[in-house]
Amino acid sequence: MRSLAIAAALAALSFSANAETIQERTVACFACHGEHGTSETENTPSLGGQQAPYALIQLFMFREKLRVFDPMNEMAKPMTDDDLRTFSDFIATLPKPTPPTDADDPAWMARGQALAQQNRCNTCHNTDFSGKENVPRIANQREDYLAKTLAEYKDNSRHGYDATMADVMQTVAKEQIGDLAYYIAHVR
């Protein structure tokens, strides 16, 4: 499924480069990140609700290969600085993802909440995990994507524009990452 989505996005790249409106140009984005920026693709983040400065930084990092993920590097490569700003401003208008509708597991929620408090996640991501400026919205992000990202920060295979997340994740045990991801994905 993921390969099909990536192929569709790359095929749409030529269309998006010649498209005129931002809505036409973001067709390729939605091929992987979901309609209106709410991902239904495993390990692919939802874009909805992200702050424009955060989206701008991420797009810049992909364009400059400071963050490496081949499909995103290819998508961002032809973007001008103005394109980066236009896309990041548009991403900020997308609706935020909603919490999963299934009943929460109280034990997982309690463990995850304790970890979020212990590691002061609300200091940077806000008390509702909505993010701010150059800090991403993580509330109701895909649980699998959160777990993957947190594990990558922990093992230092993912680098942000600073070392904050790598430092924070050093105190979180590998076995606790699932609890933290579950809580953030389900927070209301």
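Please read these numbers as outputs of a predicted model, since none were measured by experiment.
Here A139 pairs with F129, R137, V187 under the side chain to side chain contact (heavy atoms under 4.5 Å, CB included) rule; sequence neighbours left out. Every side chain to side chain contact (heavy atoms under 4.5 Å, CB included) that T149 has, sequence neighbours left out, goes to Y145, Y153, R158. Residues forming a side chain to side chain contact (heavy atoms under 4.5 Å, CB included) with A166 (at least two apart in sequence, or on another chain): N156. For E143, the salt bridge (Lys or Arg N to Asp or Glu O under 4.0 Å) test picks out no residue, with sequence neighbours left out. A search for side-chain hydrogen bond (donor to acceptor under 3.5 Å, both in side chains) contacts involving T171 returns N119, not counting sequence neighbours. Looking at residues two or more places apart in sequence or on another chain, you find no salt bridge (Lys or Arg N to Asp or Glu O under 4.0 Å) involving R67. Applying the side chain to side chain contact (heavy atoms under 4.5 Å, CB included) test to I22 and every residue at least two apart in sequence or in another chain returns T26, T86, F87, F90.
Cluster membership check: I57 shares its hydrophobic cluster with L94, using side-chain heavy-atom separations under 4.5 Å among Ile, Leu, Val, Met, Phe, Trp and Tyr. Residues L47 and F60 are members of one and the same hydrophobic cluster, defined by side-chain heavy-atom contacts under 4.5 angstrom among Ile, Leu, Val, Met, Phe, Trp and Tyr.
Side-chain contact between N134 and Q51: absent, with no pair of heavy atoms (C-beta onward) separated by less than 4.5 Å. Using a 4.5 Å cut-off on side-chain heavy atoms (C-beta onward), N122 and Q117 make no contact. Contact of the H186 side chain with the P99 side chain is not registered, since no non-hydrogen atoms from C-beta on lie closer than 4.5 Å. Between P136 and Q50 the shortest side-chain heavy-atom distance falls below 4.5 Å. For the pair P45 and R142, the minimum side-chain heavy-atom distance is 4.5 Å or more.
Among pairs with a residue in residues 161-186, those fulfilling salt bridge (charged side-chain N to carboxylate O under 4.0 Å, His left out) read R111-D179, at least two apart in sequence or across chains. Sorted by first then second residue, the salt bridge (charged side-chain N to carboxylate O under 4.0 Å, His left out) pairs that include residues 114-130, not counting sequence neighbours, number zero. Identified under the ring-ring contact (aromatic ring centres under 6.0 Å, His included) test for residues 159-178, with sequence neighbours left out: none. Applying the salt bridge (charged side-chain N to carboxylate O under 4.0 Å, His left out) test to residues at least two apart or on different chains, the pairs with a partner in residues 83-94 are R25-D83, D82-R85. Applying the side chain to side chain donor-acceptor pair (under 3.5 Å) test to residues at least two apart or on different chains, the pairs with a partner in residues 99-110 are D104-R188.
Summarising the geometry of C32 relative to S39, their closest heavy-atom pair is O-OG, 4.0 Å, with the distance given to 0.1 Å. Of all non-hydrogen atoms in A181 and A147, the two that sit nearest each other are CB-N, 3.6 Å. N73 and V68 make their closest contact through OD1-CA, 3.4 Å (heavy atoms, listed as atom of the first residue, atom of the second, distance). Contact between A185 and Q141 at its shortest, heavy atoms only, is CB-O, 3.3 Å. Residues M169 and I177 come closest through the heavy atom pair CE-CG1, 3.8 Å.
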Item checked: Test side-chain contact (heavy atoms from CB on, under 4.5 Å) applied to M109 and Y182, step by step -> CA-CA 7 Å; M109 290 299 284; Y182 181 88; 3.7 Å; yes
